[in-house]
Amino acid sequence: MKTTLLAATLGLLATAAAAQSSVTIFGNIDADIAHYQLNGVRKTLLGSSGGSPSLLGFRGTEDLGGGLVAGFWLEAALLNDTGAGTAGGALAFQRRSTVGLSGPWGEVRLGRENAPTFWNHLVFDPFNGVGPGAATNIAIGAGGNGGSSANPLTSVYVDNTVSYRFGYAPNSSSYVGRGFYAQAMHAFAENSGSAAPLGRYTGARAGYAQDGLNAAVAYAQSRGPAAYGGPAGGEVREFNLGASYDAGFAKLMAHGGFNATGVAGTRYTHWGVGATIPVGVVGYIPVSYHRTRRDNAQGSGAQQVAVGYVHLLSKRTAVYGSIAHLRNRGGDTFTFRGGNGGSSGLAGGGSGTGYDIGIRHSF
Amino acid sequence: MKTTLLAATLGLLATAAAAQSSVTIFGNIDADIAHYQLNGVRKTLLGSSGGSPSLLGFRGTEDLGGGLVAGFWLEAALLNDTGAGTAGGALAFQRRSTVGLSGPWGEVRLGRENAPTFWNHLVFDPFNGVGPGAATNIAIGAGGNGGSSANPLTSVYVDNTVSYRFGYAPNSSSYVGRGFYAQAMHAFAENSGSAAPLGRYTGARAGYAQDGLNAAVAYAQSRGPAAYGGPAGGEVREFNLGASYDAGFAKLMAHGGFNATGVAGTRYTHWGVGATIPVGVVGYIPVSYHRTRRDNAQGSGAQQVAVGYVHLLSKRTAVYGSIAHLRNRGGDTFTFRGGNGGSSGLAGGGSGTGYDIGIRHSF
Amino acid sequence: MKTTLLAATLGLLATAAAAQSSVTIFGNIDADIAHYQLNGVRKTLLGSSGGSPSLLGFRGTEDLGGGLVAGFWLEAALLNDTGAGTAGGALAFQRRSTVGLSGPWGEVRLGRENAPTFWNHLVFDPFNGVGPGAATNIAIGAGGNGGSSANPLTSVYVDNTVSYRFGYAPNSSSYVGRGFYAQAMHAFAENSGSAAPLGRYTGARAGYAQDGLNAAVAYAQSRGPAAYGGPAGGEVREFNLGASYDAGFAKLMAHGGFNATGVAGTRYTHWGVGATIPVGVVGYIPVSYHRTRRDNAQGSGAQQVAVGYVHLLSKRTAVYGSIAHLRNRGGDTFTFRGGNGGSSGLAGGGSGTGYDIGIRHSF
């Protein structure tokens, strides 16, 4: 329900209602039937988040006058194939949990949300980072998967952050601003000095969006578990950039970047190209090619090619299908990770194919 | 809140609101003070779900035109005596988590929900499967309780399902259709090949409801942990049927069936009769007798007799009380399990009595 | 969203809507940047609940006629710095989870909620039991912290309770009644006889509020883990009282009490004074001094002094800052605990300072 809409409508009818309070309940439920085959192992499963991330959230803003707006956002990932959440199988607002203030000067937010360095992985991927063809299968290695040098604590979401952004709508979760846009984030390493994984993060992203063009660049340094630059020293560095252009017959996309672990000296470079091609007014075809390799290691890394079709039943509901082929090289162990919990669960390595059909429904 | 109602009302007032989006928040909070005595052990407790399952949910439908309807349903069990949920003590949508499409041809749903073979245990039990007198104390043994041969992974809820149903309202959670109704479900055994419990399930249910008569039959095969037909081979089979007839002075009910474990060769047969007897317009008396026994084991199993009273304070709120006597036979170890987390917590065995008084309030 | 408001407004417009059902979604998101230094250890962190408890809830009432009102309340604590909840990191309604009936004779509620003996710790603390200056840092030791004799199972929240209250609004979570008010609570020791912690609690609170004066007294006996009077025998006893008076230029507060463990013979006495001083119409200054000591142990315990400023941006939103100095004496190990999960995480002992700046936003 867009209760903000309800409240607004009621506001016209009952202006006597003094409180302009509002909360919007929002969500998306996405389920797919998927088949994966990798390195000789096959699996058929019911997955969630094959075409878009399944989630449930509560959000709201309050106009404080003088251009000042307070906003909050609570958003939980759903693993709706089993009804589970992401915190020990239960619900927690781990996709975003923030409170903030915005004004003409920009916005300050406190809490947990996506790292600035994660957004380019989504916005320039025709598959939005989910399903068999997700660019993040090989372009980013959250959770230490696939031999990547990404910091599992900060490559996707970051806890305990203070952030500033400019050029976005107040309280927005969009990763595309208007005109020139920028954001910077710092996360406290609250558990420094302990044996537990560290979570310090300092990063920024800047971009420009105008007339069908969107381009952005991001960089961050962070500290994770020992293998990723933890207590023993060293820092994980991530850099990426991307651009998209809506040429009418298709929206073209390209992005690239690297993850580098200071301690181990491992650095992965990745790049990809893709497009979403409209099919009449009720459908579109996402297509992409991605490539990752270890620096100074000829024939390493992985490559992936994917194509799909999304058929819109309404603004809120679509059915979709996709197929992706992933090939590891030089002993690397990337796998079909999907996003938002929609992993294939298969051990990485070798080569293989994943395909799915599914439905998404937002509210 | 039935925000669907709000949205509908607003629709009349503000037809300019283009989006017909809606989400309904719904729930039920039920708490009872219960005393159980079984096999010489006594316990007084505050329980949840004594008269109806405590739950909190979010659901909605969208009319896509041409008879097509998209729907989602997220429903979490509440253990409101402690504020806990069912996923490690926290909230998860483990009662139902589905997305689907329906049309004149029926409905297809994906996600987690009740097994077709579970519904007859509820709809033909005057106590709806909860409280001291729940038929499921002895008629089904989810969780491996009571020496039952039921598959704990699939006897109540099933993960990773694809299902088809016919004769129900779109997106319905009702277990009674209109006229001829039917449903079939398949769940993927996503963890096959591992040592973890298996969850493959294939089952169906069909029924007929007309003029106060309702009758249904269900059958399923599934694979659970080793003792229930897991990796070592074998399959758990469940069959049940039931009927109810509203004779005016009372609604009469009967049901029966069996659970059989292929590996162990254990098969439990159960049957029961019951009625709900109206008392004026504000109350009714549920009463039931149930019997379970192991095949080829004279004097085994258990029997249970229960009677209660439900006093309606409104359509949404009632107070109730009930008493049940359970007797194990031949060393079987059934106990007062209740439903939706409302277990007595007592070890099964011997005989004993449970009674409660409570309140339920839905919204 | 105050959907109650929506429903009420709609009620005027659409009296044909028969169902007077309503659910109110409510919440508060509070985050602070805090620095703590205690016993030589320093820590900077993003915290939650620095100025008020972060929470998300669902509640509603139904008028049953004849003065009878049914009500439910589900309220979960939020650790919004990481998006986590309090049940294994996930969401659960552990702040309050009740269903009840009220009438002219008072109210009966079943479920989990604050102990009567906890309320005086909040209502007579200018910092409301959260943030660096929380009185509960030293005045109560939930969780066994700081050498306190408080029962960790029942000093803040109590499971499995039946309670009666008089002089409060129906379904209220307020801790201040009108005129003479009183409440009594009993919690069942459901796990008696086991090695698990016990949770039996019997307590009561009574007060009087009129013309800017509010005074209350509370007493309880409970059983916790062995060290707190568990299976080995003995009972934890807690007593406290407090009063506040709104003198116009300031609201003055004082409270005191003791926690005593029967088994160990340890008894802590605490007292404190404080005030909230209005600054114009948009701000106020909370200030407090608290003192705790072990009986029969000269120079033991701790003392704390705190001052802050709260600047109201609206009725729903404020920014705030506070500073507190805590000094342990005689080897005691109190620390900056905060409330609602907002702990500093520092080991107790020695002396130190904590300060924060933050924002709170309710909806």
Side-chain angles (χ1 to χ4, degrees), chain B residues 1-3 5-10 12-14 24-36 41-48 50 54 56 58 76 78-92 312-319 344-345 357-363, chain C residues 1 3-4 6-7 10 13-14 16-25 58-60 62-65 68 70-76 85-101 108-113 157 159-162 186-193 199:
Chain B
M1 174 184 52
K2 298 298 186 297
T3 49
L5 173 66
L6 296 186
T9 309
L10 279 168
L12 299 175
L13 298 166
T24 300
I25 305 175
F26 62 97
N28 187 63
I29 318 285
D30 183 307
D32 64 348
I33 300 171
H35 180 83
Y36 291 99
V41 179
R42 291 169 177 282
K43 192 170 187 179
T44 304
L45 54 82
L46 188 85
S48 64
S54 291
L56 176 69
F58 305 85
L78 297 178
L79 311 183
N80 46 290
D81 49 342
T82 63
T86 54
L91 219 61
L312 304 170
L313 298 173
S314 76
K315 283 190 178 183
R316 296 168 48 201
T317 307
V319 290
S344 71
I357 58 166
I359 178 173
R360 66 170 162 82
H361 174 68
S362 67
F363 57 95
Chain C
M1 173 184 53
T3 50
T4 299
L6 296 187
L10 279 166
L13 299 165
Q20 289 297 324
S21 81
S22 75
V23 63
T24 299
I25 306 176
F58 305 86
R59 66 172 188 249
E62 182 192 19
D63 187 342
L64 297 167
L68 206 60
F72 77 96
W73 194 291
L74 298 169
E75 182 178 320
T86 54
L91 220 62
F93 297 116
Q94 295 183 324
R95 281 181 59 87
R96 182 172 159 196
S97 165
T98 64
V99 60
L101 282 177
V108 171
R109 293 210 297 236
L110 307 177
R112 172 186 171 95
E113 58 184 310
Y157 301 105
D159 282 340
N160 304 308
T161 75
V162 182
H186 180 74
F188 297 105
E190 298 190 358
N191 41 10
S192 65

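Order of the sequence lines fixes the chain letters, A, B, ..., with proteins taken first and strands second; residue numbering starts at 1 for each chain.
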I need the [X] [atom1] to [Y] [atom2] distance, nearest 0.5 Å.
| X | Y | atom1 | atom2 | result |
| --- | --- | --- | --- | --- |
| Ile25(B) | Thr24(C) | CD1 | OG1 | 9.5 Å |
| Leu91(B) | Gln94(C) | CG | CD | 10.5 Å |
| Arg109(C) | Ile359(B) | CZ | CD1 | 12.0 Å |
| Asp81(B) | Leu110(C) | CG | CG | 10.0 Å |
| Ser97(C) | Ile29(B) | OG | CD1 | 6.5 Å |
| Leu313(B) | Leu68(C) | CG | CG | 6.0 Å |

Specify which of [options] makes the most heavy-atom pairs with chain C at under 4.5 Å.
| options | value |
| --- | --- |
| Ala87(B), Ala90(B), Gly47(B), Gly88(B) | Ala90(B) |
| Ser314(B), Ser48(B), Ala76(B) | Ser314(B) |
| Thr44(B), Val41(B), Asp30(B), Asp32(B) | Thr44(B) |

key: Which portion of Thr161(C) sits near chain B, non-hydrogen atoms under 4.5 angstrom   = backbone

inquiry  = So for Phe58(C), is it side chain, backbone, both, or neither that comes closer than 4.5 Å to the heavy atoms of chain B?
reply    = side chain

Just so I know, are the side chains of [X] and [Y] near enough to count as touching, which here means a heavy-atom distance under 4.5 Å?
| X | Y | value |
| --- | --- | --- |
| Phe72(C) | Asn28(B) | no |
| Leu101(C) | Val319(B) | yes |
| Thr82(B) | Asn160(C) | yes |

task = Output the option from Val99(C), Thr86(C), Leu74(C) having the highest count of non-hydrogen pairs under 4.5 Å with chain B.
result = Val99(C)

